[in-house]
Amino acid sequence: MRRVGGKSRQSASRVILFLGAPGSGKGTQSSWLSGQLGIPSLSTGDMLRAESKRNTAAGLKLRKILASGSLVDDEMVCQAVSSRLRLELPARGIILDGFPRTLRQAECLDRILSDLGIAGPVVVHLDLPNGDVSRERLISRMTARRQCGVCGSIYNLMSRPSSLGMLCEKDGGVLLQREDDQEAVIRRRFTEFDLSCAPLVEYYKRADYHRVDGDRDTEVVAAEVLAIAGPAETSAAA
Ligand code: AMP
């Protein structure tokens with residue numbers, strides 16, 4: 001995706017979080033926005049997948065949960081995310097992809113922000129129609145998704161193939177299918193999302209909450225996201 005304005009923009013510490021169904025484009029939008037704003041992004045899915053590769057009892061347990069499409073328990077996720085947030089938030093803020101996913105996690109995030117004296121998050125909800133037709137379309141898109149085993153860049157066999165076939169254009173890493181991008185697991189992930197989304201929207205809707213129609217071209221969605229999450233114009237000189 002193109003850079004807007006030709007250079008990264010940096011802003012004071014703040015939190016931007018993406019809500020959305022599996023396949024709604026949270027990963028793509030958050031990494032692009034991260035490049036635009038100069039704020040790091042954190043994907044709890046990537047973090048947990050990395051943890052699950054450890055050859056420990058905890059790693060094995062995690063691997064089973066991820067492969068089933070269920071959510072990892074709140075305590076474990078909050079613990080893992082807390083230390084990272086407390087370290088990174090004060091400097092430049094963070095873009096969150098996939099956290100919080102439950103009310104307990106939202107409360108955990110609020111506690112951390114309040115401890116650090118940082119304002120509540122800008123919530124960007126990438127909303128998709130949830131009828132059967134669009135879900136089937138999403139499932140086709142997700143089963144065609146491939147990720148570089150080295151840098152994590154995302155490709156799609158149908159809509160965004162690599163010019164190097166099954167290798168990453170950035171570093172030549174092999175492109176792999178995520179274990180949880182198998183059809184049966186995707187369906188379970190949708191069920192989890194449908195259960196958890198409404199309470200989170202309810203929780204955030206009186207705050208800085210923005211519903212964005214995610215069922216459009218990536219660039220169009222990105223422009224709207226940037227308009228919402230881009231740094232506020234500084235009227236007073238620092
Ligand atoms: P994602 O990459 O965001 O689609 O997440 C992949 C998987 O990681 C999910 O299906 C869950 O099993 C797990 N996961 C990611 N983020 C969370 C979270 N905040 N809470 C619980 N489980 C999570």
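Just follow the structure's listing: the first ligand is 1, and inside any ligand the first atom is 1. Values reported hereafter were calculated over all heavy atoms of this structure, with side chains retained and with hydrogens, waters and symmetry mates removed.
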Could a heavy atom of P22 be found less than 4.0 Å from some atom of ligand 1?
-> no

Return the set of residues passing side chain to side chain contact (heavy atoms under 4.5 Å, CB included) with T56 (not counting sequence neighbours), or none when no residue passes.
-> R54, A58

With a cut-off of 4.0 Å, which atoms of ligand 1 are near a heavy atom of R49?
-> 2 (O), 6 (C)

Ranked by distance from atom 7 (C) of ligand 1, the top protein heavy atom is L66 CD2, 3.8 Å

For atom 21 (C) of ligand 1, which of D180, T102, V185, V72 has the closest heavy atom?
-> V72

Counting heavy atoms only, name the option from R101, Q105, R189 that's nearest to atom 5 (O) of ligand 1.
-> R101

Could you state whether L200 and V122 fall into the same hydrophobic cluster, counting links through intermediate Ile, Leu, Val, Met, Phe, Trp or Tyr residues with side-chain heavy atoms under 4.5 angstrom apart?
-> no

Side-chain heavy atoms under 4.5 angstrom apart, residues restricted to Ile, Leu, Val, Met, Phe, Trp, Tyr: same cluster for V124 and V201?
-> no

Whether E192 lies under 4.0 Å from ligand 1, heavy atom = no

Within a distance under 4.0 Å of any heavy atom of R178, pick out the atoms of ligand 1 and give their elements.
-> 1 (P), 2 (O), 4 (O), 6 (C)

Transitive ILVMFWY side-chain link L89 to I16, under 4.5 Å = no

Does at least one non-hydrogen atom of I65 fall below 4.0 angstrom from an atom of ligand 1?
-> no

R145 to Y155 six-membered ring, cation-pi geometry met (6.0 Å, 45°) = no

Heavy-atom contacts under 4.0 Å between K26 and ligand 1: side chain, backbone, both, or neither?
-> neither

What part of M76 sits under 4.0 Å from ligand 1 if we count only heavy atoms: the side chain, the backbone, both or neither?
-> neither

Identity and distance of the protein heavy atom lying nearest atom 23 (C) of ligand 1 | L48 CD1, 3.6 Å

Given S134 and R137, is the side chain to side chain contact (heavy atoms under 4.5 Å, CB included) satisfied, shown in steps?
-> CA-CA 5 Å; S134 76; R137 197 156 45 91; 4.0 Å; yes

